[in-house]
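For reference, the structure discussed in these notes is given below.
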Amino acid sequence: METVTFETALGLFGLGWTERGLARVLLPDTSQKAMLERLGRDGAQPGEPTRLIAGMMNQIEDYAEGLEVHFGDVPLDLAGVSGFHRRVYERLVQVPWGHTITYGALARELGDPGLSRAVGQAMGANPIPLVIPCHRVLASNGKPGGFSAPGGTVTKVKMLAMEGVNVGTPAGQMSFGF
């Protein structure tokens, strides 16, 4: 896997890719060192962005500036991802900008309402957050639920706010720095 980091209005993002497509997205972290360590795991090495990756960088820069972005056509490399997680991610990429779905609704759409926790586990294991928009999955009570990216649910709420979705955070409680 090849990797690149790049600055956006929200901070430093990291991408990893293979010849099959985008394989890893890292959201901004407070520590550049921590990000580089996570990005370089499994032997990944810095590389020269392909046309696809350069386009992704541009889209993520647009997203960071608050522009509506759709990632649905991006080829993804989900090698090593279980079949169930793939099904979850395939459905999730269909949830558009500014919309949300609950863990339970996603489980029902996959055929079993008892799979809500498994859906949550898939969200926590998502190797391509933002592109596979796990931030758009909420708890049944409309609260954020979990978020495994740096900053946790605070980051999730900020990402949703950028898309015009309010998950109940009082006015004045949010800033947009990651």
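- Linking Ile, Leu, Val, Met, Phe, Trp and Tyr residues whenever their side-chain heavy atoms come within less than 4.5 Å places Val74 and Ile132 in a single cluster.
- Here the shortest heavy-atom pairing between Thr102 and Ser140 reads CG2-CA, 4.1 Å.
- Within the 4.5 Å cutoff, no side-chain heavy atoms of Asn126 are placed close to those of Val25.
- With values rounded to the nearest 0.5 angstrom, Arg91 atom CZ is found 4.5 Å from Ile101 atom CD1.
- In this structure, the separation between CG on Leu130 and CD on Gln59 is 9.5 Å, given to the nearest 0.5 Å.
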Show your reasoning for whether side-chain contact (heavy atoms from CB on, under 4.5 Å) applies to Met162 and Leu10. CA-CA 11 Å; Met162 290 177 68; Leu10 297 174; 3.9 Å; yes

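- Taking each heavy atom of Gly98 and Val165 in turn, the nearest pair found is O-CG2, 3.3 Å.
- Val137 is not listed as a side-chain neighbour of Thr100, based on a closest heavy-atom distance of 4.5 Å or more.
- Taking both residues in full, the closest heavy atoms of Glu65 and Ala9 are given as CG-CB, 4.2 Å, listed atom of the first, atom of the second, then distance.
- Checked against the 6.0 Å centroid criterion, the rings of Trp97 and Tyr63 qualify as a close aromatic pair.
- Taken together through direct or relayed side-chain contacts under 4.5 Å among Ile, Leu, Val, Met, Phe, Trp and Tyr, Ile128 and Val69 form part of one hydrophobic cluster.
- A donor-acceptor pair under 3.5 Å is absent between the side-chain atoms of Tyr89 and the main chain of Leu78, judged by distance alone.
- Between the side chains of Glu163 and His135, at least one donor-acceptor pair of N or O atoms lies under 3.5 Å.
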Would you tabulate the side-chain donor-acceptor contacts of residues 33-49 under 3.5 Å, counting partners in other chains and residues two or more places apart, or write 'none'?
from, atom 1, to, atom 2, distance (Å)
Arg41, NH1, Arg38, O, 3.1
Asp42, OD2, Arg24, NH2, 3.4

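- The two atoms that bring His85 and Ala125 nearest to each other are CE1-CB, 3.9 Å, heavy atoms only.
- Linking Ile, Leu, Val, Met, Phe, Trp and Tyr residues whenever their side-chain heavy atoms come within less than 4.5 Å places Phe84 and Tyr103 in a single cluster.
- Put simply, the side chain of Lys156 gets close to the backbone of Gly146: a donor and an acceptor are under 3.5 Å apart.
- Taken to the nearest 0.5 Å, the CZ atom of Phe13 stands 5.5 Å off from the CG atom of Leu27.
- Hydrophobic clustering, with ILVMFWY side chains joined whenever heavy atoms are under 4.5 angstrom apart, keeps Trp17 apart from Met1.
- Pairing each heavy atom of Gly104 with each of Ser116, the nearest pair is CA-OG, 3.2 Å.
- Residues Pro144 and Val157 share a closest heavy-atom pair of CG-CG2, 3.7 Å.
- Between the Ser148 side chain and the Gly124 main chain, a donor and an acceptor come within less than 3.5 Å of each other.
- Val95 and Met123 fall within the same hydrophobic cluster, defined by Ile, Leu, Val, Met, Phe, Trp and Tyr side-chain heavy atoms under 4.5 Å apart, directly or through other members.
- The environment of His99 atom NE2 is sparse: at most 12 non-hydrogen atoms of other residues, nucleotides or ligands sit within 6.0 angstrom.
- Distance check: Glu2 CD to Thr50 OG1 gives 8.0 Å after rounding to the nearest 0.5 Å.
- Taking 4.5 Å as the limit, every side-chain heavy atom of Lys143 sits out of range of all side-chain heavy atoms of Leu138.
- At least one donor-acceptor pair closer than 3.5 Å links the side chain of Arg86 to the backbone N or O of Val81.
- Within the 4.5 Å cutoff, the side chain of Leu22 has no heavy atoms near those of the Phe71 side chain.
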